[in-house]
Trainee: 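Structure provided below as structure tokens; questions to follow.
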Amino acid sequence: MLRPDAIVVGAGVAGLTAAVELRRAGRVVQVLEASGRIGGLAQSERHQGFLVERGPASLSQPSPEVTALLELVGLWPRRISPLPVTANRWTVRGGRLVPIPRSPLQLLRSPLLSPRGKLRLAGAFVPHAAAAEEESLGM
């Protein structure tokens, strides 16, 4: 076995992505993970006939970069697309199931965002003067 010249700490999505990019750059990589499984917070499990996704385990519309990464590591063919009959999605907040909003109006009525969060989100839809260069978003 070759001696690693790069070490990645953590086998979550970010760590695994870093490892893939380092390997593509010709480095010998070792990934260290404290838990007994890879994937970080992203987990999928079957519970009473339902697929339960824990953590950041889904993408609504993957960017070209994410699509390329999934293809590179061989996960693109293993993706699971939702069936049309399963259009409703749910999350748990405060120990209760809460529907994930499917429209801006549902989002405004949803308990998933605080009143302050809803106001901050509304600001994203206010037209601003065109900038000469890219703007960054920050807190």
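These figures come from a predicted structure and were not determined experimentally.
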Trainee: In this structure, would Val29 and Val9 fall into the same cluster of hydrophobic residues linked by side-chain contacts under 4.5 Å?
Mentor: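 No, because Val29 and Val9 fall into different hydrophobic clusters, even though each may have its own neighbours under 4.5 Å.
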Trainee: Atom OG1 in Thr91, atom CZ in Arg96: separation rounded to 0.5 Å?
Mentor: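 One gets 12.5 Å once the value is rounded to the nearest 0.5 Å.
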Trainee: For a quick test of reading the model, state the closest non-hydrogen atom pair linking Leu72 to Arg24 and the distance between them.
Mentor: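 Heavy-atom minimum between the residues: CD2-CD, 3.2 Å.
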Trainee: Would a hydrophobic clustering, with Ile, Leu, Val, Met, Phe, Trp and Tyr connected at side-chain separations under 4.5 Å, put Val31 with Val28?
Mentor: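 No: no chain of side-chain contacts under 4.5 Å links Val31 to Val28.
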Trainee: Does the side-chain contact (heavy atoms from CB on, under 4.5 Å) test come out yes or no for Ile100 and Trp90, once each step is laid out?
Mentor: CA-CA 5 Å; Ile100 293 177; Trp90 301 81; 5.7 Å; no
Trainee: Please report the interatomic distance CD(Gln43) to CZ(Arg37), rounded to the nearest 0.5 Å.
Mentor: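 Taking CD in Gln43 and CZ in Arg37, the distance rounds to 4.0 Å.
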Trainee: To the nearest 0.5 Å, how far apart are OG in Ser110 and CZ in Arg102?
Mentor: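 If we round to the nearest 0.5 Å, Ser110:OG and Arg102:CZ are 13.5 Å apart.
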Trainee: How close do Pro101 and Leu112 get, heavy atom to heavy atom, and via which atoms?
Mentor: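 Pro101 and Leu112 have their closest heavy atoms at CD-CD1, 3.6 Å.
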Trainee: Counting C-beta onward and ignoring hydrogens, is there a side-chain heavy-atom pair between Ser103 and Gln106 closer than 4.5 Å?
Mentor: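 In contact.
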Trainee: Tell me the closest heavy-atom pair linking Val98 and Pro111, and the distance in Å.
Mentor: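 Closest approach of Val98 to Pro111, heavy atoms only: CG1-CG, 3.7 Å.
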Trainee: What closest approach, in Å, do Ala6 and Arg27 show between heavy atoms, and which atom pair accounts for it?
Mentor: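 Heavy atoms only, the tightest pair is CB-CB, 4.4 Å.
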Trainee: Count the heavy atoms of every other residue, nucleotide or ligand shown that sit under 6.0 Å from CD1 of Ile38, and state whether that count exceeds 12.
Mentor: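 At most 12 heavy atoms, drawn from other residues, nucleotides or ligands, come within 6.0 Å of this atom.
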Trainee: Can you confirm if the NZ or CZ of Arg79 lies within 45° of the ring axis of Trp76 and under 6.0 Å from the centre of its six-membered ring?
Mentor: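 Yes, cation above the ring, under 6.0 Å and within 45°.
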Trainee: Is there a side-chain contact (heavy atoms from CB on, under 4.5 Å) between Arg120 and Leu113 once you walk through the steps?
Mentor: CA-CA 10 Å; Arg120 289 179 63 204; Leu113 294 177; over 6 Å; no
Trainee: Working to the nearest 0.5 angstrom, can you tell me the gap between Leu22 CG and Gln30 CD?
Mentor: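 Leu22 CG to Gln30 CD: 12.5 Å, rounded to 0.5 Å.
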Trainee: Rounded to the nearest 0.5 Å, what separates atom CG in Leu16 from atom CG in Leu69?
Mentor: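 Leu16 atom CG to Leu69 atom CG measures 9.0 Å (nearest 0.5 Å).
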Trainee: OG1/Thr17 to CG/Leu70 distance, rounded to the nearest 0.5 angstrom?
Mentor: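 Answer rounded to 0.5 Å: 8.5 Å.
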Trainee: Count the heavy atoms of every other residue, nucleotide or ligand shown that sit under 6.0 Å from CZ of Arg109, and state whether that count exceeds 12.
Mentor: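 Result for CZ/Arg109: open.
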Trainee: Go through the steps for Leu32 and Ile7 under the test side-chain contact (heavy atoms from CB on, under 4.5 Å), then give the verdict.
Mentor: CA-CA 7 Å; Leu32 303 176; Ile7 294 176; 3.6 Å; yes
